[in-house]
2 protein chains.
Amino acid sequence: MLFTHMVEPQKSNRLNTVLKAASDPTRRAILTLLAQQGPLRVTDIARRFEMSLNSISKHIKVLEGSGLVTRRTEWREHLIEVNMAPLSEIDQWFAELRSIWALRLDALDAALKEDHND
Amino acid sequence: MLFTHMVEPQKSNRLNTVLKAASDPTRRAILTLLAQQGPLRVTDIARRFEMSLNSISKHIKVLEGSGLVTRRTEWREHLIEVNMAPLSEIDQWFAELRSIWALRLDALDAALKEDHND
DNA sequence: ACATGATTCACCCAACTGGTTGACTGAACT
DNA sequence: AGTTCAGTCAACCAGTTGGGTGAATCATGT
């Protein structure tokens, strides 16, 4: 059986965007900053980095696309807030992978015991 | 204070490589396959995908570089095995981020209560 | 009306990625 | 000696990514 397209596409896509978003150090730093400072404006975030405002704006859009961050536009200021929920999607995938792995080991163990009993 | 280069570089690099490695669907599928089937040869892995052996070989090298997979070269066959350990690095980062977030909320809560008591 | 401030949009560019093919190495079986 | 099998290396291509600049938008304050 081929492995490509074996997972439910929408779930896999969400995993993809979240992991991709999280796999950039600048974006992780933004998340940390937001976690400890609470909602911030784009400009305030950009000030913390030695990088152009525009680049930060782009990074924020990526984070927003992954759901790791939400935007509350109040008048002309965009308040950016961290959102931990999507992380659990990754947690879940890890758990799944680990359980698959553990299951195989259990089966192996059982087979060995069976063998020994013969 | 600027946020760039605020984290210990080697730890951040490991996080980077692990997250990057995990953020490709083909590579995640390889990990799942290995978790449920146990150690496999490169060719056996490649057979499961509609993709060239070379591409799979490259993906495996990326996974190997992140530590998510180890290689045991027996005679001319390379046995590839999944290794869950690096995942905990990501777990750890999640936990850290969540606790930073929770801490801020607690502080906020305390401040509100203090305010109320005045 | 006009300037200012906060953000995004539209490009541009260099670097990286994911995939391909073809040539290569090294061991094993005729 | 020649062939086959397992796998990597090297070069290449198209698409994406991370960064930058300058103009555009849009609401407020003067």
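Convention: sequence-line order gives letters A, B, ...; per-chain numbering from 1. Treat the numbers as computed from the prediction; the structure is a model and nothing was measured.
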Taking only side-chain nitrogens and oxygens of A/Ser55, does any of them come within less than 4.0 Å of OP1 or OP2 of D/dG20?
-> yes
Going by heavy atoms in the side chains, are A/Asp44 and A/Gln37 under 4.5 Å from each other?
-> no
Does A/Pro86 reach the side chain of A/Arg14, with side-chain heavy atoms less than 4.5 Å apart?
-> yes
Spacing of [X] atom [atom1] relative to [N] atom [atom2], expressed in whole Å:
X       : N      : atom1 : atom2 : answer
B/Ile30 : C/dG19 : CD1   : C1'   : 13 Å
B/His59 : C/dT20 : NE2   : C1'   : 12 Å
B/Ile56 : C/dG19 : CD1   : C1'   : 11 Å
B/Asp24 : D/dT17 : CG    : P     : 12 Å
A/Asn16 : C/dT17 : CG    : C1'   : 13 Å
B/Lys20 : C/dA15 : NZ    : P     : 15 Å

Nearest-0.5 Å distance that lies between atom CG in A/Leu97 and atom CD in B/Gln36 = 9.5 Å
To the nearest 0.5 Å, what is the distance between CG (A/Asp91) and CD1 (B/Ile90)?
-> 10.0 Å
Using a 3.5 Å cut-off on both pairing distances, which stems of three or more Watson-Crick or G-U pairs include DNA chain D?
-> C:1-30 with D:1-30
Between A/Val69 and the options A/Ile80, A/Val62, A/Ile45, the side chain to side chain contact (heavy atoms under 4.5 Å, CB included) test singles out A/Ile80
Output yes when a side-chain donor or acceptor of B/Arg27 lies under 3.5 Å from a complementary backbone atom of B/Ala22, and no otherwise.
-> no
B/Arg71 side chain vs B/His78 backbone, donor-acceptor pair below 3.5 Å | no
Are A/Leu68 and B/Ile100 connected, step by step, through hydrophobic side chains (Ile, Leu, Val, Met, Phe, Trp, Tyr) whose heavy atoms are closer than 4.5 Å?
-> no
Going 5' to 3' through nucleotides 6-12 of chain D, assign each nucleotide B (protein heavy atom under 4.0 Å from a base atom), S (under 4.0 Å only from sugar-phosphate atoms) or - (no protein heavy atom that close).
-> SBBB---
